[in-house]
Structure formats: C-alpha cells, structure tokens
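Before any comments, here is the structure.
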Amino acid sequence: MSDKAVLNVDGQSYDFDVFTGSENEKCIDISDLRSKTGYITMDPGFGNTGSCYSSITYVDGAKGILKYRGYPIEELAQKATFTETAYLILYGELPTQEQLFAFSKRIREHAPIHTNLEHHFSGFPQNAPPMAILSAMLNLVSCFHPEVLEVPTTGEEFDRTAALLLSKVRTIAAFAYRMASGQPINHPNPNLSYCSNFLHMMFSDPFQPYEASPAIDQALNLFLILHADHEQNCSTSTVRVVGSSRANLFSSVAAGVCALWGPLHGGANAAVIKMLREIRDSGNTPSYYLDRAKDKNDEFRLMGFGHRIYKNFDPRSIILKNQVHEVLKELNIDDNLLEIALELEETTLKDEYFISRNLYPNVDFYSGILLRAIGIPLNMYTVMFAIGRMPGWIANWKELHDHNQRISRPRQIFTGETSRAYVPID
Ligand code: ACO
C-alpha cells in the first residue's frame with residue numbers, strides 16, 4: 001500500500017505523507033501543502049480536518065464506538081467512578097488504589113474556595129445564566145492562585161492544578177446555583193464522595209442535610225463519565241485553540257465553557273427538555289415537530305438528534321436510555337417527558353428524512369431526563385456537562401503542550417472588495 005498521497009494541480013504532481021492511526025484511521029499530512037503548491041484546503045466547520053494527533057479518546061462514528069484511553073465507554077460506565085475515569089483520562093492509566101486515594105484526597109482538599117472569591121458571586125444579578133458565572137469564575141480562580149498561571153504539564157504542580165480545577169469547578173457550579181436561587185451556600189464536606197459532595201452543596205438546607213441515595217449518586221457518576229471526553233468536539237477544540245497561544249489552563253477551560261454553552265453543542269441537553277415540554281404542553285403530536293424539523297424554511301431542529309461524528313448511533317445515548325428507565329423505576333418517578341421522548345425517537349427513526357441523513361439520538365437526548373430524575377434544575381444542565389467534560393479539557397490542554405503544538409491559526413480565502421480609494425466623509 002502506498003504511504004504517499006498524490007495531488008495533481010496546475011499540471012504538476014505533488015506527494016504528501018499518509019499516516020495511519022492505531023485504530024486504522026487515515027490522514028494525509030498536508031502541513032506543507034501551501035509551501036509546496038501555493039494552495040490551501042477549504043473545510044468550513046472542519047468536518048475533514050485533523051488538528052492534532054491524540055492518544056486520549058477514540059470515536060468510531062460509523063460503528064458507534066467510544067473509548068477513553070482504549071477502554072470502552074460501556075465498561076467504564078458499568079464499573080468505574082467518575083474520579084477513576086478522570087484519572088484515566090488525565091494520566092492514561094487506570095489508577096491503583098493508592099493513586100486513586102491520593103488523587104481523591106487532592107480533590108477533597110481543593111474543594112473550598114477563597115472567601116474573597118466567594119464574594120464575587122454576589123456581584124452577579126439574580127438569574128444570571130450559570131454558564132456565564134462558571135466561565136467568569138473559572139478565570140477568576142487563577143487570580144487567587146497566581147502560581148497556576150504557569151503550570152508545567154507533568155509532575156507535582158500539574159497534579160495539584162488538575163485536581164484543583166476538577167474540584168473547584170464542582171464547588172463553583174453548586175455555589176452559582178445557590179446564589180442564583182437566593183439560597184445560602186453550602187460549604188463542601190470532605191467526608192463525601194465527588195458526586196455526593198456536589199449534591200450536598202446543591203441541595204442541603206441549613207437544618208436538613210441532603211443525603212444522596214446510592215441510586216442518585218450512581219446516576220450522577222454515570223452522567224459525568226459519559227461526558228468526560230469526546231475527542232476534538234467544539235469545546236475541546238476551543239480549549240486547544242486557546243491553549244495553543246500558551247494561555248493558562250484556567251482561561252483555556254473558561255473558553256471551553258463558553259463554546260459548550262451553545263444549543264448545537266452542550267446547550268442541547270436543556271433545549272431537549274424545553275422541546276419535550278413544548279410538545280407535551282402544546283398538545284401537538286411528535287409528527288408535527290418532525291415536519292417542522294424537515295421544513296427548510298423553519299429554523300426548528302429536533303434537539304438531541306444528529307451528530308457530526310456518529311452516523312449510526314451514539315453509544316452514550318443507548319447507555320443513558322437504559323439507565324433512565326432503571327433510575328426512574330428505582331426512584332419511583334413517573335416522568336411523562338420520557339414517554340414523549342420515546343415516542344419521538346420511535347417516529348423519527350422510521351422517517352425517511354432522518355434515515356437518509358443518518359440522524360440518531362445523541363448524548364443530549366436522554367441526559368436531561370436523567371438530570372431531572374436526579375433533581376438538577378434545567379438552567380444547570382449544561383453546567384453539569386461542563387463538570388463532566390473537565391477531565392477531557394485538561395487532558396487535551398496537557399497533550400497539546402506535551403506535543404509542543406504550534407499556535408492554531410487557520411487561513412481563509414478572501415472574497416471581499418479589493419483595492420478601493422478612501423472617500424472623505426463630507
Ligand atoms: N433536526 C433536523 N435536521 C437536522 C438535524 C436536526 N437535529 N441535524 C441535522 N439535520 C439535517 C441538516 O439540516 C442537514 O440537512 P440537509 O443535508 O438537507 O441540508 C443534514 O441533516 C446534515 O446536518 P448538518 O447540520 O450539516 O450536520 P452537522 O454535522 O454540521 O451538525 C449537529 C451536527 C450540530 C449536532 C446537528 O445535527 C444539530 O444541530 N443537532 C441538534 C442539536 C444537538 O442535538 N446538538 C448536540 C450534539 S451532541 C454534543 O454536542 C454533545
């Protein structure tokens with residue numbers, strides 16, 4: 001098999017190296033295309049553009065495969081905790097008992113936030129979007145830890161900073177919710193696990209500590225594991241682009257939060273629930289919404305459907321769908337939105353428009369119903385996604401530094417006016 005790709009352009013022939021990844025996926029290395037030929041490639045939305053070599057996460061969209069560091073998502077979802085999964089994503093190996101203990105201890109130690117940082121929460125108007133608060137506060141954390149502005153990507157300082165970030169994102173998220181809903185904040189409890197501690201900070205009342213049932217703790221662990229990484233998605237690419245200027249880890253992930261916020265990405269989990277509620281409350285049938293989604297003159301899209309990479313099924317949505325049934329049964333919850341979601345999915349999967357475009361439920365289609373069962377309010381759904389995605393963002397930021405990646409700087413083809421003479425305003 002040839003290890004060169006040949007391009008014929010302007011009557012000349014040029015060779016480019018071909019590279020095959022460990023899962024047999026292939027690329028043509030065009031990094032010297034412009035210097036050799038004078039051409040650039042055009043790929044809006046980067047659907048065909050590889051931006052890095054990575055050993056963190058593998059996705060096969062045709063077969064519906066997702067692996068973190070070689071471990072199938074199905075196995076991690078069944079057997080691991082989120083903390084263990086975060087360790088795996090950051091360091092490339094599952095932790096030993098000792099390593100997990102040390103990692104969890106660091107996370108526990110960094111859960112409280114500086115009192116002066118706490119005061120900043122009261123500066124936000126009530127009902128400020130929690131994603132805006134999260135992004136702003138992540139940037140602010142670095143002001144209270146100036147040592148994190150220059151973090152090496154290995155060794156003690158990196159370990160400390162990664163744990164600090166995994167821990168602070170959880171505290172900030174819970175505090176943002178408490179403040180926005182006019183409730184006193186709950187300080188972290190070092191005796192609780194990662195998920196139970198978050199739920200305590202969210203839901204404890206001064207005279208009634210919240211104790212998460214094992215079913216709820218497990219459901220939250222699962223949610224976070226399924227969101228922990230997803231290779232070069234919009235928010236992770238953003239973290240890499242920002243980090244490529246050698247911006248610090250905190251501002252890089254704060255940018256990731258902003259990218260995740262959009263309804264075409266992480267914001268879809270809340271949009272799905274809004275859509276299901278609208279279907280329920282309007283009395284219209286799922287088919288009515290399907291027709292709207294297919295109408296090119298209507299901006300409505302079926303939220304939670306379609307994916308840039310998965311063209312068969314999203315393995316995370318299958319796991320979530322099964323889990324949602326179990327959790328609702330265990331918690332004795334009858335959620336009519338689940339019925340609507342199931343009906344919508346069934347109708348959609350038989351529809352020619354969706355079949356021909358390979359549009360299937362994605363991770364966000366059932367995740368909102370799981371979050372509802374856990375008791376998470378709608379405006380926190382995308383924040384929950386951000387907490388889950390943090391290990392992936394940190395690992396990608398670390399990897400780009402380890403690989404000494406060049407600054408990200410795409411090119412363009414200019415289509416505007418050429419030279420014009422200035423006309424004075426009078
Ligand atoms: N509803 C209706 N039509 C859709 C949908 C949808 N949800 N998704 C894609 N299509 C159609 C497009 O209109 C397009 O049709 P056309 O070929 O006739 O023009 C075709 O399917 C291909 O869609 P693109 O938008 O080109 O696909 P792309 O890969 O750019 O977008 C995306 C993927 C953003 C996820 C898209 O499917 C979408 O908007 N889905 C709804 C939002 C959503 O659920 N986002 C969460 C994604 S998962 C995540 O980020 C964690």
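Each ligand, and each atom within it, is numbered from 1 in the order the structure gives. Both backbone and side-chain heavy atoms feed into the values below; hydrogens, waters and symmetry mates do not.
In this structure, the ring of Y53 has its center less than 6.0 angstrom from the ring center of F19.
Scanning the protein heavy atoms around atom 2 (C) of ligand 1, the nearest turns out to be A293 O, 3.7 Å. Looking only at protein heavy atoms, the nearest one to atom 50 (O) of ligand 1 is H265 ND1, 2.8 Å. The protein heavy-atom contact nearest to atom 1 (N) of ligand 1 is L302 N, 3.1 Å. With respect to atom 42 (C) of ligand 1, the closest heavy atom belonging to the protein is M303 CE, 3.5 Å. Ranking protein heavy atoms by distance to atom 41 (C) of ligand 1, first place goes to F305 O, 3.4 Å. Residue, atom and distance of the protein heavy atom nearest to atom 35 (C) of ligand 1 are G306 O, 3.6 Å. Among protein heavy atoms, the minimum distance from atom 45 (N) of ligand 1 is reached at L264 O, 2.9 Å. When hydrogens are left out, the protein atom nearest atom 4 (C) of ligand 1 is L359 CD1, 3.6 Å; that is the closest non-hydrogen contact.
The distance from ligand 1 to the heavy atoms of K296 drops below 4.0 Å at these ligand atoms: 13 (O), 15 (O), 16 (P), 18 (O), 19 (O). Interface of F385 with ligand 1, defined as ligand atoms under 4.0 Å from a residue heavy atom, comprises 51 (C). Taking a cut-off of under 4.0 Å to the non-hydrogen atoms of V363, the atoms of ligand 1 that pass are 51 (C). Here is the list of ligand 1 atoms found below 4.0 Å of a heavy atom in D364: 46 (C), 48 (S), 49 (C), 51 (C). Close approach of ligand 1 to G304 (heavy-atom distance below 4.0 Å) involves ligand atoms 43 (C), 44 (O). Counting the atoms of ligand 1 from 1 in the order shown, those under 4.0 Å from a heavy atom of A268 are 43 (C), 44 (O), 45 (N), 46 (C). Short contacts between ligand 1 and Y353, defined as distances under 4.0 Å to a heavy atom of the residue, involve ligand atoms 2 (C), 3 (N), 4 (C), 11 (C), 13 (O), 15 (O).
A donor-acceptor pair is defined here as one N or O able to donate and one able to accept, closer than 3.5 Å; such a pair exists between the side chain of R308 and the backbone of G45.
Between the side chains of Q232 and N396, at least one donor N or O sits under 3.5 Å from an acceptor N or O. In summary, the side chains of N358 and Y310 do not present any donor paired with an acceptor at a separation below 3.5 Å, with no hydrogens or angles considered. H230 and T57 share no side-chain donor-acceptor pair at under 3.5 Å. Using modelled atom types, one finds a donor on one side chain and an acceptor on the other under 3.5 Å when comparing E345 with Y366. Side-chain contact, W393 with S235: a donor N or O sits under 3.5 Å from an acceptor N or O.
Within the 4.0 angstrom cut-off, atom 22 (C) of ligand 1 has no protein heavy-atom neighbours. Less than 4.0 angstrom separates atom 39 (O) of ligand 1 from at least one non-hydrogen atom of the protein. Protein heavy atoms are found less than 4.0 angstrom from atom 13 (O) of ligand 1.
For K398 and Y91, the positive end is not near the middle of the six-membered ring at less than 6.0 Å and at most 45° from its axis. Cation-pi geometry between R389 and F385 is not satisfied (NZ or CZ under 6.0 Å from the ring centre, within 45° of the ring normal). Both the sub-6.0 Å distance and the 45° axial angle are satisfied by R170 relative to the ring of Y194.
When the heavy-atom distances from atom 30 (O) of ligand 1 to R357, H307, R308 are ranked, the shortest goes to R308. Which of R301, H227, R389, K294 comes nearest to atom 32 (C) of ligand 1 through a heavy atom is settled by distance: it is R301.
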Side chain to side chain contact (heavy atoms under 4.5 Å, CB included) between Y87 and L94, intermediate numbers included: CA-CA 7 Å; Y87 186 98; L94 283 169; over 6 Å; no
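No option in K329, R372, R280, R277 other than R372 meets the salt bridge (Lys or Arg N to Asp or Glu O under 4.0 Å) test with D335.
The distance criterion of under 3.5 Å between nitrogen or oxygen atoms is not met by K311 with respect to ligand 1.
Residue F101 qualifies as open at atom CZ: its count of foreign heavy atoms under 6.0 Å is 12 or below.
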